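Here is the structure we will look at.
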Amino acid sequence: MNLLRGKRVLLGVTASIAAYKAAFIVRELVKLGAEVQVILTPSARDFVTPLTLGTLSKKPVLDALIADKDLGTWNNHVELGLWADLYLIAPASANTLAKMATGASDNLLLTVYLSARCPVYFAPAMDLDMHDHAANQANITLLESRGNIQIPSASGALASGLEGRGRLEEPDEIVRFINSHLSSTAPLAGKKVLITAGPTREAIDPVRYLSNHSSGKMGYAIAEAARGMGAQVTLISGPVSIVAPRGIDVIHVQSAQEMYDATLAHFAEAHCAILSAAVADFRPKVAATEKIKKDLAKTVIDLEETPDILKKLGEIKAHQFLIGFALETENEVENARKKLVKKNCDLIVLNSTRDAGATFGFDTNKVTFVTHNKTEVMELKSKADVAKDIITYLSEQLK
């Protein structure tokens, strides 16, 4: 499972002969869909060029607190520390490890380290005797006791000509280590999440259908957020123009009946179902087998209700946590709470047509979480951030 996709990664590079491998680390991270910002110590420039790393990361490389003395601009270490989802220091020299252990902050890499609130990984790289020295091992032990994660050095030929431990682990192994660690510690690791997204199309004749304005953006964002927290995601999608995120099993459907059948087929093995699809409430009782001609335009089309997927899941759920969506135009919270009870849900994510920048077609959304004992109004956010809120709430409930 690729949990690095969409992650914001700081890569700190120190003064080591192994610094050339940083270029391959960047390439591996970018290949997996991570956004990478490289930070060099001043001396690291002697071993690898900012041009190489900046070209591969597609971001200017940072190596100093002061960006431009004449303009008075600086590289904000606090913002960088808050921006990152994880901080990887590779190669990590003995000198940098010692400074990390003592809290020294005489360069940008270290000030960002002290400001970082994200997981910190470090991959030592140095000669055999330096690596095994009691002082260096004590620094490594201290850093690990503080929650930093060591990516142990490999054994092999060293720059000094000696053979032994101290060699920087290979770039693909470093990235694999991080991805594996993220998978094992992810809040939803081992959980199966079933999600529906997008509209449905109910055929009138071979060329016409009833549908709605749903873009599927919210459901796809939820699917990506769930995968990012380690869940095994099955996404049942109506017809949308969104490319499915990697690492997600997508089942494409057209009609409400097809979505109903696919959802029920996968619900039993799910730990949670999130029904964000805008399923058509009605469909023609009989779809014409030939295109309806204009001279029959006044023909009355008899409608019938489509199967209620959320209600059915509420009736048959056992251990599953069930999340439904509600789009209301009036008495929003009251109607959402009625739906919560009637459909036997654990959470209703409420949308209102009264909120600007929300509902169909937008990249933003404004929702309210409605549970049996609480109503929580959220601010207007990107749909990606709303999705993270939903999945974070889910992970807390499934603990």
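Owing to the predicted nature of the structure, the values given are computational and were not obtained by experimental measurement. For the numbers below, each heavy atom of this structure counts, side chains included, while hydrogens, waters and symmetry mates do not.
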Can you give me every donor-acceptor pair (side chain of residues 19-27, partner residue at least two apart or in another chain, under 3.5 Å) with its distance?
residue: Lys21; atom: NZ; partner: Leu168; partner atom: O; Å: 3.0
residue: Lys21; atom: NZ; partner: Glu170; partner atom: OE2; Å: 2.9

- Message: Would you compute the distance between atom CG of Leu108 and atom OG1 of Thr111 and round it to the nearest 0.5 angstrom?
- Response: 4.5 Å
- Task: Indicate yes or no: does Asp302 engage Lys285 in a salt bridge with an N to O separation below 4.0 Å.
- Result: no
- Judged by atom type as modelled, is there a donor-acceptor pair below 3.5 Å linking the side chain of Asn136 to the main-chain atoms of Ala94? no
- Item | Rounded distance [0.5 Å steps], CZ in Phe325 versus CG in Leu310 | 11.0 Å
- Query: For Asp127, does its backbone N or O pair with a side-chain atom of Ser160 as donor and acceptor, under 3.5 Å?
  - Reply: no
- Note on the structure: Separation between CZ (Phe122) and OG (Ser93), nearest 0.5 Å, reads 12.0 Å
- Query: Is it true that a side-chain atom of Arg165 and a backbone atom of Ser155 form a donor plus acceptor pair closer than 3.5 Å?
  - Reply: no
- Glu379/Lys366 salt bridge by N-O under 4.0 Å criterion: no
- Please answer whether the main-chain N or O of Ala101 pairs with a side-chain N or O of Arg146 as donor and acceptor at a distance below 3.5 Å. yes
- Item | Side-chain donor/acceptor of Asn75 to backbone N/O of Ala64, under 3.5 Å | yes
- Query: Under 3.5 Å, is there a donor-acceptor pair between the Thr392 and Asp389 side chains?
  - Reply: no
- Item | Pair Arg337-Thr375, side-chain donor/acceptor within less than 3.5 Å | yes
Expected list for residues 311-318: side-chain donor-acceptor pairs under 3.5 angstrom, two or more places apart:
residue: Lys317; atom: NZ; partner: Asn344; partner atom: O; Å: 3.0
residue: Lys317; atom: NZ; partner: Asp346; partner atom: OD1; Å: 3.4
residue: Lys317; atom: NZ; partner: Asp346; partner atom: OD2; Å: 2.9

- Over all heavy atoms of both residues, which pair between Tyr220 and Ser237 is shortest? Give the atoms and the distance, please. OH-OG, 2.7 Å
- Task: Apply side-chain contact (heavy atoms from CB on, under 4.5 Å) to Ala189 and list each qualifying residue two or more places apart in sequence or on a separate chain.
- Result: Ala186
- Message: Please confirm whether the ring centroid of His77 lies under 6.0 Å from the ring centroid of Tyr113.
- Response: no
- Message: Glu224 vs Arg5, test: salt bridge (Lys or Arg N to Asp or Glu O under 4.0 Å). Steps then yes/no.
- Response: CA-CA 9 Å; Glu224 188 151 14; Arg5 181 177 177 82; 3.6 Å; yes
- Item | Flag, side chain of Thr196 to backbone of Ala277, donor-acceptor distance under 3.5 Å | yes
